[in-house]
Structures are given as C-alpha cells and as structure tokens.
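Presented below is the structure to which this report refers.
These numbers come from a predicted model, not from an experiment.
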Amino acid sequence: MLRLLDQRKIKENWETYKEPLKEAMCSTEGALFFFSGNTKNVLKSILGRLMNPFNTSMHLWIDNDNEYLLCTYIQICEFTNKKTLLLFSLTRTKDVDNSTILQRWVDGYPVMEKFAKENGCEGITAYTDLPYF
C-alpha cells in the first residue's frame, strides 16, 4: 500500500530517496530535457518544498515494500483556481516483475484519489514520455 511520508522520515532517509528521484529525472529524453545538468538544484528545491511546514503542496510517498517512490505536487491553475494533483515523479527503487507493477497501480490509485479529494483537487495529472504509458 502506498503511504505518505512525514517530514521526519523524509529528513532521516533523504539520501536513500534522493538517488531514485535523481535517476528518474535522467531516465528518459523528456526528463533530460527538463532536468539535464540541473538535477542537484532540482533535488534541493524538491527537498525544500517537502520540508517547508508552511507550504504543503509537495509530497513524497513510498509503498510498504519500499519498491516504489512517488513525488506528488498540488498545482493550482492560474486561470480557474482549480487544484490538480500532479504525479511529479514515480520511480521503482527495486526491480519487480510485471504483475507487481500492475498491482502497485491497482493498490496505489485509490490512495492517491482519496488524497486528491481530501485536498480539494478536481483531477489527477501525470506527464510522461515513457512509451509503455
């Protein structure tokens, strides 16, 4: 099951979480376009947002088996003021088989959907250039 990490867990384990996020930022052509040569600053900015007690728009999630790491962001449309939960980065921290990949989506989506609704979001969005999505 997917679970939201609190600031204490993030701070204690940032070095562990940072590497999979960094790898995800450099794993595809689209990601490289946005983050190439700047991953250090991007990771610093992400950590700053995750640790800011006055701005809770960015979140870090992990599944119970520590196989997946998910970073989400609540974005607000500047024209309509509607909120959307953006799946900012999703990455595996371990190799898993295809049935596990599918099961993590089946298990994780209701958790994200509930979180989005509780935070006033009207949708969930993800951008990817991975060919299998």
### Message
Are the side chains of Arg3 and Ile62 in contact, using a 4.5 Å heavy-atom criterion?
### Response
yes

### Message
Could you measure the distance from the NZ atom of Lys40 to the NZ atom of Lys18? Nearest 0.5 Å is fine.
### Response
8.5 Å

### Query
Quick one: does Thr84's side chain get under 4.5 Å of Cys77's, heavy atoms only?
no

### Message
Could you check whether any side-chain heavy atom of Tyr73 comes within less than 4.5 Å of a side-chain heavy atom of Thr125, counting everything from C-beta outward?
### Response
no

### Task
Measure from the side-chain N and O atoms of Asp6 to the backbone N and O of Arg8, and report whether any donor-acceptor pair falls under 3.5 Å.
yes

### Task
Drop me the distance from Thr16's OG1 to Leu21's CG, to the nearest 0.5 angstrom.
11.5 Å

### Task
Would you mind reporting whether Ile10 and Leu47 have side-chain heavy atoms less than 4.5 Å apart?
yes

### Message
Please find the pair of heavy atoms, one from Lys83 and one from Gly120, that lie closest to each other, and give the distance.
### Response
CB-O, 3.7 Å

### Minimum side-chain heavy-atom gap Leu70-Met112 below 4.5 Å
yes

### Query
How long is the gap from CD on Glu12 to OH on Tyr17, to the nearest 0.5 Å?
8.5 Å

### Query
Where is the tightest heavy-atom contact between Trp61 and Leu4, given as atom of each residue plus distance?
CE3-N, 3.4 Å

### Task
Could you tell me whether the side chain of Asn52 and the main chain of Gly48 form a donor-acceptor pair under 3.5 Å?
no

### Closest approach of Cys121 to Leu85 (non-hydrogen atoms, all atoms of both residues)
SG-N, 3.7 Å

### Query
Would Leu86 and Ile74 count as a side-chain contact (heavy atoms from CB on, under 4.5 Å) if you check the C-alpha gap in whole Å, the side-chain angles of each, and the deciding distance to 0.1 Å?
CA-CA 6 Å; Leu86 174 64; Ile74 295 177; over 6 Å; no

### Task
Compare all side-chain heavy atoms of His59 with those of Phe115 and state whether any distance is below 4.5 angstrom.
yes

### Message
Would you say that Lys117 contacts Lys114 through its side chain, given a criterion of any heavy-atom pair below 4.5 Å between the two side chains?
### Response
no

### Query
Shared ILVMFWY cluster between Ile76 and Met58, side chains joined below 4.5 angstrom?
no

### Task
List the atom of Leu60, the atom of Leu50, and the distance in Å for their closest heavy-atom pair.
N-CD2, 3.7 Å

